[in-house]
Amino acid sequence: MKYTGNYFVKTIGCQMNVYDSEKLASILSSYGFDRTQYFDDADIIVCNTCSIRHKAEEKAFSFLGQFARTKKEKPNLITVMAGCVAQQEGKKAFGRLPHLNIVLGTQAFSRFGQHLESLKSGENRIVDTDDSPMIYETLPDTECFNENNISRFITIMQGCENFCTYCVVPYVRGAERSRTPEKIVEEISLLAKSGVKEVTLLGQNVNSYGQREGEISFPQLLEKINQIDDLQRIRFATSHPKDLSMDLIYAIRDLEKVCNHLHLPVQSGSNKILKKMNRGYTRELYIERITALKEQCPGIGLSTDIIVGFPSETKEDFEDTVKLLNEVEFDSIFAFSYSDRSSAPAAKFPNQIDESEKKERLNELLKIQETLTEKKNQTLIGKTIRILVEGKSNKLRDGFEDLNGTLKQMTGRSESNKIVHFPSEHANIGDILEIEIKNAYPHSLWGYPVGA
Ligand code: 5AD
Ligand code: SF4
């Protein structure tokens, strides 16, 4: 069926949701809808939701909640809750959002068109939280790409069967499923031809890519993607420490397009907490893997995720996490305060930690990491770093104010995922440049293009 009208897509949550939102957008475009950047102009509003922490879930309800009033003036407005909260809540979502039309679960994208037709034929509320054996395939709509579309996310697998005790993902994203290498390579080749220079491959645990389906391994997939012409850089997330193979470490070392960077969530530095989290490794094993990475891939950029205030985390357990940060010297961390998710087992664990204590630990951790990052960034002063130019920089850095007016302030990213600001007359988005680093800050580096 063909439609007319505008759609607006709001994304809450992780990179996988950014990718899924583009998929939802290309489905709606294929039905004849036009994309709008303003929800006031929209005839259909889709909110792609995240339930990983309580805050994200609340954001989804409050975003969609605001359209209850709009619907009184615009009764034909269609509102859709998609993604993880939709999967988790099912028809319960109508309790808080009586004006909602479609609850579209994480595996229901292929049936979105059907549901829109049902609305047209008079239905008012539709819930689809059914499973799908395969990830829904659509190629991205590259016609709307512009010079800023140099970096894209690509989901290569969905779902997770690790069942970390704090995590809602296995319940809302279902069993692990991988796309075929052919579909992935086809999509990335299309993107590269349309000017995309960098892709980030996404999956909850990329190291188990293709295992269920008996496909090639993740390092073998990287080898295939490495051969795609016009593509400059490959990143991926997330790797699980328990499954990090030497083959993957060698792939990072040997494949020239694979960035020298790894995001390896540790979650905690305490063996007691890691066990309660069901992470399947000890701090010793984690450090062993990091040591191998540093040996094989000198200068590798390392980042991690940490949860503070997991049930029964004592001050000593927290100190173990601080010690781990000091020992590993990550380039950056994403730290979260533990958030109870009712479908995850940890919600029922005893000895929950006070919100104020969690906040204190989180702030302390972030402060410690800021100093560590700045110290690490300062070791790069005087070095030359290769960056991919991502855009104009809106931050006026020390020294920029004295530069002659023809220079633009630009920004790019190093292979190790550091943000680098620099002045240039000629740099274009998508260029690869060598920058000599002159100064370092906690969140960025600053330098001059070599030979400019
Ligand atoms: N509370 C806090 N943080 C969480 N994460 C996952 N579940 C929770 C939770 N219940 C964090 C983990 C994960 C990241 C994506 O989100 O650190 O790696
Ligand atoms: Fe959640 Fe653990 Fe799976 Fe990551 S590995 S998605 S934290 S269950």
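Counting convention: from 1, in listed order, for ligands and their atoms alike.
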So which bit of Phe336 gets within less than 4.0 Å of ligand 1, heavy atoms only: side chain, backbone, both or neither? side chain
List the closest protein heavy-atom neighbour of atom 17 (O) of ligand 1: residue, atom name, distance to the nearest 0.1 Å. Gln267 OE1, 2.7 Å
Per-atom contacts of ligand 2 with Pro170, taking only distances under 4.0 Å to non-hydrogen atoms: 8 (S)
Salt-bridge present (Glu137, Arg179; N to O < 4.0 Å): yes
With backbone taken as N, CA, C and O and side chain as the heavy atoms from C-beta onward, which portion of Ala346 lies under 4.0 Å from ligand 1: side chain, backbone, both, or neither? neither
What residue and heavy atom of the protein are closest to atom 5 (S) of ligand 2, and at what distance? Asn162 ND2, 3.4 Å
4.5 Å side-chain heavy-atom contact, Phe109 and Ile27: yes
Please state which part of Pro265 comes within less than 4.0 Å of ligand 2, counting heavy atoms only: side chain, backbone, both or neither. neither
Protein contact to atom 6 (S) of ligand 2 [nearest heavy atom, distance to 0.1 Å]: Gln204 CG, 3.3 Å
shortest atom 7 (N) of ligand 1-to-protein heavy-atom contact is with Tyr166 CD1, 3.3 Å
Under a 4.0 Å threshold between the charged nitrogen and the carboxylate oxygen, would Glu329 count as salt-bridged to Lys294? no
Any nitrogen or oxygen of Asp305 lying under 3.5 Å from a nitrogen or oxygen in ligand 1? Just yes or no. yes
Do other residues, nucleotides or ligands put more than 12 heavy atoms under 6.0 Å from the NZ atom of Lys59? no
Indicate, as side chain, backbone, both or neither, the part of Cys164 found under 4.0 angstrom from ligand 2 when only non-hydrogen atoms are considered. both
In terms of atom number and element, which parts of ligand 1 are under 4.0 angstrom from non-hydrogen atoms of Tyr338? 1 (N), 2 (C)
Taking only Lys NZ, Arg NE, NH1 and NH2, and the carboxylate oxygens of Asp or Glu, determine whether Glu186 and Lys183 approach each other closer than 4.0 Å. yes
Any cation-pi pair here, Arg35 with Tyr7, using under 6.0 Å and within 45°? no
So that I can tick it off, tell me whether Glu57 and Arg341 are bridged by a salt bridge, with the cut-off set at under 4.0 angstrom between side-chain N and carboxylate O. yes
Mark up the atoms of ligand 2 that fall under 4.0 Å of a heavy atom belonging to Phe163, in ascending order. 8 (S)
Which segment of Tyr166 sits under 4.0 Å of ligand 2 when only heavy atoms are counted: side chain
Check Ile52 against ligand 1 and report side chain, backbone, both or neither, counting heavy atoms closer than 4.0 Å. both
If we ignore angles and hydrogens, is there a donor and acceptor under 3.5 Å between the side chains of Gln107 and Ser132? no
Is Cys160 close enough to atom 3 (Fe) of ligand 2 to have an N, O or S atom under 2.8 Å? yes
If you measure from the Lys or Arg side-chain nitrogens to the Asp or Glu carboxylate oxygens, is any gap between Lys323 and Asp320 under 4.0 Å? yes
Quick one: look up the protein heavy atom nearest atom 16 (O) of ligand 1 and list residue, atom name and how far away it is. Arg53 NH1, 2.8 Å
Candidate with minimal heavy-atom separation from atom 10 (N) of ligand 1, of Ser51, Ser337, Ala347, Ser339: Ser339
Ligand 2 atoms in contact with His240 (distance to a heavy atom under 4.0 Å): 5 (S)
Can you check whether Ile306 reaches Ser268 side chain to side chain, under 4.5 Å on heavy atoms? no
Give a yes/no verdict on whether any heavy atom in Arg279 is under 4.0 Å from an atom of ligand 2. yes
Between Glu327 and Arg283, is the closest basic N to carboxylate O distance under 4.0 Å? yes
Please identify which atoms of ligand 1 are closer than 4.0 Å to at least one heavy atom of Arg341. 10 (N)
Do the rings of Phe330 and Tyr286 sit parallel, tilted or perpendicular, given the 30° and 60° boundaries? tilted
Could you identify the single nearest non-hydrogen protein atom to atom 1 (Fe) of ligand 2 and state the distance to 0.1 Å? Cys167 SG, 2.3 Å
Quick one: do Glu415 and Lys257 make a salt bridge, cutoff under 4.0 Å? no
